[in-house]
Amino acid sequence: MTELVVGTKKGLFLLDGAQGLGFEIKARAFAGQPVDFATREPRSGRLFATVTSPFYGPKIFYTDGDPGSDWEQADGVALPEGGDQALERIWVIACGEAAGTMYAGGDPGVLFESHDGGRSWEINAGLWQQPSRSQWQPGGGGLCLHSICTWPGDPDKLAVAVSAAGMWLTEDGGRTWRRGNAGLNPGYLPEEVLKDENAGRCVHHIERAPRQPERLFMQFHGGVYRSNDAGESWTDIGGGGLPSDFGFPLMVDPADPDSAYVIPLVADMDRVTPDGRVRVYETRDGGESWTARGAGLPAEHAYLTVLRQAFSRAGEGEHLELYFGATSGEVFGSGDAGGTWSTVATRLPPVFSVVAV
Amino acid sequence: MSVLCVRGPLRKLVGGRGEHELEGATVVELLRALEHGHPDVIGWILDERGLIRRHLNVFVNGERAGEATAVRSRDRVEVVAAITGG
């Protein structure tokens, strides 16, 4: 059985099921409220939801009990008081390598860390106090820290991505950070500003290959990239068969460092699936070539938008399961590493995030 | 003492009571006094900058008010969520 933790514009949905047998909604929480991201921490089984109430601001909630009712607010999810900024949104929560450690990324380009399993959080001062911060530029979704990649077995190494402040790397547990944007080509910027390292590097999503942690994949605002040196530098790998250079989510097969999956959209000015067809593109050669995987997905008059947190996986290798949700309220799944797909849910509110457990 | 009135989910965070008698010379001082007595409400009405959240409205005796609006004894201060959505 697989559990899907689905954050939507109108609440959190928990689905249970299996490929071939179907999925059922087993719980809904935060009815009517935007759940930007939700996940279940695999070690503790604790469920987390980041909720941005339009009235009361962004919060992280967690529960060890009934997801229909027993939620507690996590402490410390706020910027330092007395500044000139307020926390706008929490975009992602990630499990750290050390026991009890978790990370949360948010807008404005902020990283929180927890060392008690997500009950309380504190701001990562090293990133918050970056001298260049005042020059960081937000993307269309805000100055969002949306991707957090841990390093299997080494809690000191992290890679995070901020739209549009680019890649940031640490090897000392977050005390110091440095950029990792070499090779990225923001074609949307005038050539003369490219040498300005503070000019917007609009990273949309990054994933690390767990079996070869030096390798990362990135969906950029324009292009898909691969890094073989832990995010120091990047190579454009989008030329081998992708229908566009634009999109948001990206996923990898943990068993195969050469694998990646993206869901291209037409362009930044037309953020829907190309040609009215929903297709996931797979590479098994590190991005040298890409193959469309669309069997079972809508193939006609389907203009879907899939957001950056709305793509997830469970298992690996031949048993890799892939799931993604769209702002149309549909969720799709594959139980054979993208070979065939089925519709897992329909008529949900716009899907913001999907996590498969 | 002024009376600060909250409703909706805020009530649950302040001991389940909708009305609170508090000391303060301005709206923000009253809200800080509420937070002092009920820490669970910190961050729900005022953000980190000390500003009333954008989609909350505060009225003093029925008149729209801001953080610095003066409050006198026996004034009635209401915190009301805006009519918004989508």
Side-chain angles (χ1 to χ4, degrees), chain A residues 8-11 29-36 49-62 69-90 104 106-110 112 119-123 125 128 133 142-143 327 329 349-350 352, chain B residues 4-20 22 24-60 64-68 77-86:
Chain A
T8 79
K9 187 176 181 180
K10 301 293 179 186
F30 305 105
Q33 299 185 66
V35 174
D36 299 307
T50 76
V51 181
T52 303
S53 161
F55 309 108
Y56 308 114
K59 313 278 187 272
I60 294 177
F61 294 93
Y62 65 91
S69 60
D70 294 337
W71 292 84
E72 291 186 54
Q73 184 184 336
D75 293 328
V77 185
L79 303 186
E81 284 204 8
D84 58 1
Q85 289 183 295
L87 184 64
E88 297 291 336
R89 177 169 169 176
I90 296 294
D107 178 356
V110 59
F112 293 95
R119 289 189 180 88
S120 65
W121 299 78
E122 59 191 43
I123 200 165
W128 181 247
R133 170 171 287 275
L143 188 59
T327 56
F352 289 168
Chain B
L4 180 64
C5 307
V6 298
R7 54 185 80 185
L10 297 176
R11 266 180 84 140
K12 189 177 168 187
L13 299 169
V14 294
R17 289 189 292 120
E19 296 191 359
H20 298 258
L22 298 165
T26 62
V27 164
V28 78
E29 286 185 19
L30 277 190
L31 293 171
R32 291 297 191 204
L34 182 72
E35 291 180 345
H36 183 74
H38 301 280
D40 285 352
V41 82
I42 291 173
W44 284 68
I45 303 173
L46 296 170
D47 67 20
E48 298 96 321
R49 299 166 294 187
L51 301 179
I52 297 165
R53 290 199 178 276
R54 187 156 57 102
H55 292 296
L56 292 179
N57 295 319
V58 174
F59 297 89
V60 176
R64 183 81 179 268
E67 295 85 0
V77 180
E78 304 241 13
V79 179
V80 180
I83 304 300
T84 185

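Letters A, B, ... are given to chains in the order of the sequence lines, protein chains preceding strands, and every chain is numbered from 1.
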Legend entry - Name of the residue among B/Asp47, B/Leu10, B/Val41 meeting side chain to side chain contact (heavy atoms under 4.5 Å, CB included) with A/Tyr56: B/Leu10
Legend entry - B/Arg54, CZ atom: more than 12 neighbouring heavy atoms under 6.0 Å: no
Inset, instruction - Keeping the roles fixed (side chain from B/Glu48, backbone from A/Gly83), state whether a donor-acceptor pair exists under 3.5 Å. - result: no
Legend entry - Aromatic plane relationship, B/Trp44 with A/Phe61 - under 30° parallel, 30 to 60° tilted, over 60° perpendicular: perpendicular
Inset, instruction - State whether the number of non-hydrogen atoms from other residues, nucleotides or ligands found under 6.0 Å of A/Lys10 atom NZ is greater than 12. - result: yes
Inset, instruction - Could you pull out the closest heavy-atom pair between B/Ala82 and A/Phe55, with the gap in Å? - result: O-CE2, 3.2 Å
Inset, instruction - Select, from A/Pro34, A/Gly57, A/Pro80, A/Pro58, the one with the greatest count of heavy-atom pairs under 4.5 Å involving chain B. - result: A/Gly57
Inset, instruction - State, with a plain yes or no, whether a side-chain heavy atom of A/Gln73 is found less than 4.5 Å away from one of B/Asp40. - result: no
